[in-house]
Colleague: 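Handing you this structure, nothing more for now.
The basis for the numbers below is simple: all heavy atoms, side chains too, and nothing from hydrogens, waters or symmetry mates.
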Amino acid sequence: MRTHTCNGISRADIGKSVTLIGWVKSKRDQGAGLIFIDLRDREGVTQVVFKPENSKENSELAESFRAEDVIQVIGTVEERPEIDGQSTFNTEIATGEVELIVSEVKVINRAEVLPFPLDKPVNNEDLRLKYRFLDLRRPAMARNMQLRHRITKTTRDVLDEDGFLEIETPILSKSTPEGARDFLVPSRLTPGSFYALPQAPQQYKQLLMCGGVEKYFQIARCFRDEDLRADRQPEFTQIDIEASFVTEDDIIGLTEKLLGRVFKESIGADAPASFERITYQDAMDTYGSDKPDTRFGLHLTDIGDVFANSQFKVFSGALKAGGCIKAINAKGLNSASVGQIDKMTKAAIEAGAKGLAYIQARGPEPADWRSPITKFLSEEELQGLKTKLNIEEGDLVLFGAGDWDTVCDVLGRVRLMCADYLNLLEGNTDLNFLWVTEFPLLHFDKEEGRWHAVHHPFTRPVPEDEEKLKAGEYAGLRAQAYDVVLNGYELGGGSIRIHEAELQDAMFTALGVTEEEKKTMFGHILDAFSFGAPPHGGLALGLDRVAMLVCGTDSIREVIAFPKNNKGTDLMSDSPAEVDFKQLRELYVKSTANKDEKGLKKPQQPAAK
């Protein structure tokens with residue numbers, strides 16, 4: 001239906017007959033039947049011209065066109081003319097030196113009035129998602145889809161060159177306790193039993209290693225029933241990688257090569273050949289985050305030594321309880337408004353703090369400082385604070401006191417807010433890749449009174465901690481785990497895996513898995529480990545998040561063709577939706593949800609006594 005795309009004609013085609021087909025992007029009626037149409041397809045835009053002296057009928061038809069009508073045009077390519085000595089070239093499009101003079105036109109399909117313009121920003125995301133089939137025509141979305149394709153193609157190329165096999169794993173699998181809630185699928189053929197959609201292909205890829213595949217990858221669909229946010233969806237995609245007979249350095253080197261090629265081949269950006277590495281402990285101590293943005297300073301500083309003998313109960317109490325005191329000096333932010341300080345205080349409280357102490361340095365000496373806490377501090381402490389934090393006029397100092405985890409988390413969040421208020425990243429195009437290593441293996445949940453895996457149950461402890469795991473000494477164990485971070489976003493993570501049945505059994509014991517549960521939930525993988533399983537490890541990159549950063553957007557919904565909104569709903573297809581009771585009956589499932597008069601679901605109310 002066409003000889004060229006709307007981005008495919010140039011001066012080399014002048015004088016040639018060309019056929020184009022696409023959508024009407026815009027129309028400019030110059031009067032007397034002279035009409036200019038910008039015709040758009042996926043590749044770009046060409047200006048097509050209807051002249052009444054060529055065909056009055058064609059010009060009259062063109063007058064009826066409106067945005068997003070689909071038309072086919074045949075014409076001759078000509079150079080754009082000069083008008084009154086001025087060039088009419090359009091340097092903003094690739095075809096801007098030429099235009100198509102129409103000799104024939106055919107209307108392929110008419111478009112109704114659009115719910116929103118496709119050539120301007122649209123702030124109503126729900127409207128965009130409802131009409132996603134239109135939203136995808138917008139140039140920014142078209143570019144995002146093309147870049148996402150480039151990322152996946154490059155991934156396949158790099159891994160194929162390195163000897164990896166792309167292997168699919170089951171979507172219908174077994175529910176096992178691995179983190180988030182599973183999406184469950186009832187089985188009609190086995191009444192009362194359920195499949196689970198995979199949160200990740202973790203066990204299957206390890207079983208492939210047990211099967212001697214050695215190098216596996218998959219562009220894997222994953223599902224997690226969890227609360228949503230800008231960079232989270234109930235269904236998402238991983239670049240899933242696993243290899244046998246490898247070390248942590250092998251996986252890290254492969255990932256650096258892969259990401260370097262992805263950024264180079266998609267947007268022409270150069271990533272470093274090797275990324276900086278930092279331990280989890282150092283990342284939290286310095287940045288208050290296990291996915292730190294290292295493009296700016298505002299480091300956390302431990303000031304416990306300054307207040308070792310303090311009479312200020314907030315600080316002394318934290319130290320006596322085995323906690324810590326840290327601070328951030330946000331230089332130049334002493335002019336922070338009451339509203340900004342209130343927002344940071346709210347963020348601190350949400351992270352588990354009781355409040356947020358601060359000092360506004362209105363002058364060079366402590367006597368000039370404005371703060372709700374300086375009256376409780378001695379002159380020696382104030383001078384020690386000034387020296388250690390290099391406090392100068394114009395600074396804003398923010399404090400955290402309490403247990404180490406909470407203090408780091410609180411100040412990590414506050415640090416990002418300070419950077420935003422100071423515009424530290426305005427215009428910044430750096431790509432600060434980073435590895436975070438040596439994560440804790442286990443985390444103790446005080447509310448539940450039990451240990452949880454920080455990554456997942458198959459993560460291997462460092463060699464020095466293996467015997468401690470077997471002996472039941474769980475506090476402080478370190479994992480052979482690693483996350484790759486870019487500009488404060490976790491791109492993905494992985495680990496060297498447990499491959500021995502005995503060590504895996506000890507890990508399950510640490511997590512409170514009973515002997516019966518070990519057999520029913522994990523018997524297959526324990527069996528596999530007992531038949532000469534090779535040492536192996538791997539990593540999973542979040543394809544959606546990688547694409548988000550490559551495309552320069554702030555939400556993964558911008559790089560997914562048909563995403564859910566922040567309530568997990570597809571507004572375009574109106575899903576999830578109710579199904580006929582006969583379908584539920586065939587599955588031996590009965591809903592306990594009720595509907596109120598507005599059609600909204602509500603819990604079953606108890607009967608009146």
Colleague: Taking ring pair (Phe, Tyr, Trp, His ring centres under 6.0 Å) as the definition, give me every residue that meets it alongside F245, ordered by chain and number, with sequence neighbours left out.
Modeller: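 Residues passing ring pair (Phe, Tyr, Trp, His ring centres under 6.0 Å) with F245: none at all.
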Colleague: Does E426 have more than 12 heavy atoms from other residues, nucleotides or ligands lying within 6.0 Å of its CD?
Modeller: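 Open: at most 12 neighbouring heavy atoms sit under 6.0 Å from CD of E426.
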Colleague: Is there a donor-acceptor contact under 3.5 Å linking the side chains of H299 and D285?
Modeller: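 No, because no side-chain N or O of H299 sits under 3.5 Å from a partner of the opposite role on D285.
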Colleague: So, the side chain of D465 versus the backbone of K468: is there a donor-acceptor pair under 3.5 Å, distance only?
Modeller: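 No, D465 side chain to K468 backbone: no donor-acceptor pair under 3.5 Å.
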Colleague: Taking the side chain from N334 and the backbone from A361, do they hold a donor-acceptor pair closer than 3.5 Å?
Modeller: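 Between the backbone of A361 and the side chain of N334 there is a qualifying donor-acceptor contact (under 3.5 Å).
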Colleague: So does K331 have more than 12 non-hydrogen atoms from other groups sitting under 6.0 Å from NZ?
Modeller: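 More than 12 heavy atoms, drawn from other residues, nucleotides or ligands, come within 6.0 Å of this atom.
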Colleague: State whether the number of non-hydrogen atoms from other residues, nucleotides or ligands found under 6.0 Å of N309 atom CG is greater than 12.
Modeller: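 Atom CG in N309 is not crowded, with 12 or fewer foreign heavy atoms closer than 6.0 Å.
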Colleague: Can you tell me if Q311 and S316 form a side-chain donor-acceptor pair at under 3.5 Å?
Modeller: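 Q311 vs S316: no donor-acceptor pair found between side chains.
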Colleague: Would K388 and D302 pass as an ion pair if we require N to O under 4.0 Å?
Modeller: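 No, no charged N to carboxylate O under 4.0 Å.
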Colleague: Quick one about Q206 and Y204 (side-chain donor to acceptor, distance below 3.5 Å, no hydrogens or angles considered), yes or no?
Modeller: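 No, no side-chain donor-acceptor contact under 3.5 Å.
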Colleague: Return the orientation label for the F315 and F399 ring planes: parallel under 30°, perpendicular over 60°, tilted otherwise.
Modeller: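 F315 vs F399 ring planes: tilted.
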Colleague: More than 12 non-hydrogen atoms from neighbouring residues, nucleotides or ligands closer than 6.0 Å to CD on E161, yes or no?
Modeller: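 For E161, atom CD is crowded (more than 12 foreign heavy atoms under 6.0 Å).
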Colleague: I'd like to know if R557 and E125 make a salt bridge, using a cut-off of under 4.0 Å between side-chain N and carboxylate O.
Modeller: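 The answer is yes: the pair qualifies as a salt bridge.
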Colleague: Compute whether any side-chain donor of one residue and acceptor of the other, for T154 and R156, lie under 3.5 angstrom apart.
Modeller: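 There is no such pair (donor and acceptor under 3.5 Å, judged by atom type) between the side chains of T154 and R156.
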Colleague: Would R150 and E265 satisfy salt bridge (charged side-chain N to carboxylate O under 4.0 Å, His left out), going step by step from the backbone distance to the final call?
Modeller: CA-CA 7 Å; R150 183 59 49 196; E265 295 183 15; 5.6 Å; no
Colleague: Take C418 and M344 through the test side-chain contact (heavy atoms from CB on, under 4.5 Å) and record every step on the way to the result.
Modeller: CA-CA 9 Å; C418 290; M344 288 190 281; 3.8 Å; yes
Colleague: Check E466 with R460, please: is the shortest side-chain N to carboxylate O separation under 4.0 Å?
Modeller: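 Between E466 and R460 there is a salt bridge, with a charged N closer than 4.0 Å to a carboxylate O.
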Colleague: So, the side chain of D162 versus the backbone of F164: is there a donor-acceptor pair under 3.5 Å, distance only?
Modeller: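 Absent.
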Colleague: Checking E226 against R232 for the salt bridge (charged side-chain N to carboxylate O under 4.0 Å, His left out) test, could you report, in this order, the C-alpha distance in whole Å, the side-chain angles of both residues, the deciding distance, and whether it holds?
Modeller: CA-CA 9 Å; E226 56 189 353; R232 183 179 286 173; 3.6 Å; yes
Colleague: Could you tell me if R478 sits above the aromatic ring of Y280, with its cationic atom closer than 6.0 Å to the ring centre and no more than 45 degrees from the axis?
Modeller: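 No, R478 does not lie over the aromatic ring of Y280.
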Colleague: Does the salt bridge (charged side-chain N to carboxylate O under 4.0 Å, His left out) test come out yes or no for D483 and K291, once each step is laid out?
Modeller: CA-CA 8 Å; D483 283 359; K291 50 182 186 296; over 6 Å; no
Colleague: Take the angle between the ring planes of F376 and F312 and call it parallel below 30°, perpendicular above 60°, tilted in between.
Modeller: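 Parallel, since the angle between the ring planes stays under 30°.
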Colleague: Take atom NZ in K343; do more than 12 heavy atoms of anything else shown fall under 6.0 Å from it?
Modeller: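 No, not enclosed.
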Colleague: Thinking salt bridges, do D293 and R415 make one under a 4.0 Å N-O criterion?
Modeller: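 Not counted as a salt bridge, because no side-chain N and carboxylate O are separated by less than 4.0 Å.
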Colleague: Does a donor on one side chain and an acceptor on the other come within less than 3.5 Å for D544 and Q233?
Modeller: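 Their side chains do not contain a donor-acceptor pair, so the 3.5 Å distance test is not met.
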Colleague: Inspect the surroundings of CD in E380 and state if more than 12 heavy atoms from other residues, nucleotides or ligands are less than 6.0 Å away.
Modeller: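 No, because the 6.0 Å sphere around CD of E380 holds 12 heavy atoms or fewer from other groups.
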Colleague: Mind checking whether F458 and H456 have parallel, tilted or perpendicular rings, split at 30° and 60°?
Modeller: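 Plane angle between 30° and 60°, so tilted.
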Colleague: When you measure from the side chain of T437 to the backbone N and O of Y482, does any donor-acceptor pair fall under 3.5 Å?
Modeller: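 No: the side chain of T437 does not pair with the backbone of Y482.
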Colleague: Counting only heavy atoms not in N124 (residues, nucleotides, ligands), do more than 12 fall under 6.0 Å from its CG?
Modeller: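 Correct, the count exceeds 12.
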Colleague: Do D342 and T345 have side-chain atoms, one donor and one acceptor, less than 3.5 Å apart?
Modeller: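 Side-chain D/A pair, D342 to T345: absent.
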Colleague: So does K205 pair up with D240, basic N to acidic O under 4.0 Å?
Modeller: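 Salt bridge: yes.
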Colleague: Is it true that atom CD of E392 has more than 12 heavy atoms of other residues, nucleotides or ligands lying nearer than 6.0 Å?
Modeller: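 Yes, because the 6.0 Å sphere around CD of E392 holds more than 12 heavy atoms from other groups.
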Colleague: I'd like to know if K386 pairs up with E365 as an ion pair, taking the criterion as any Lys NZ or Arg NE/NH1/NH2 lying under 4.0 Å from an Asp or Glu carboxylate oxygen.
Modeller: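 Between E365 and K386 there is a salt bridge, with a charged N closer than 4.0 Å to a carboxylate O.
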Colleague: Charged N to carboxylate O under 4.0 angstrom, E235 versus R221?
Modeller: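 Here E235 pairs with R221 in a salt bridge, since their nearest N and O are under 4.0 Å apart.
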Colleague: Apply side chain to side chain donor-acceptor pair (under 3.5 Å) to residues Q504 and E500 and explain how you reach the verdict.
Modeller: CA-CA 6 Å; Q504 187 63 69; E500 309 95 327; over 6 Å; no
Colleague: Between E256 and R261, is the closest basic N to carboxylate O distance under 4.0 Å?
Modeller: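 Not counted as a salt bridge, because no side-chain N and carboxylate O are separated by less than 4.0 Å.
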Colleague: State whether a side-chain donor-acceptor pair under 3.5 Å links N487 with N432.
Modeller: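 The answer is no; no qualifying pair exists.
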Colleague: Quick one: do R128 and E558 make a salt bridge, cutoff under 4.0 Å?
Modeller: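 Here R128 pairs with E558 in a salt bridge, since their nearest N and O are under 4.0 Å apart.
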Colleague: Looking at S337, is its backbone amide N or carbonyl O close enough to the side chain of Q340 to form a donor-acceptor pair, meaning the two atoms are under 3.5 Å apart?
Modeller: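 Pair found, side chain donor or acceptor close to backbone of S337.
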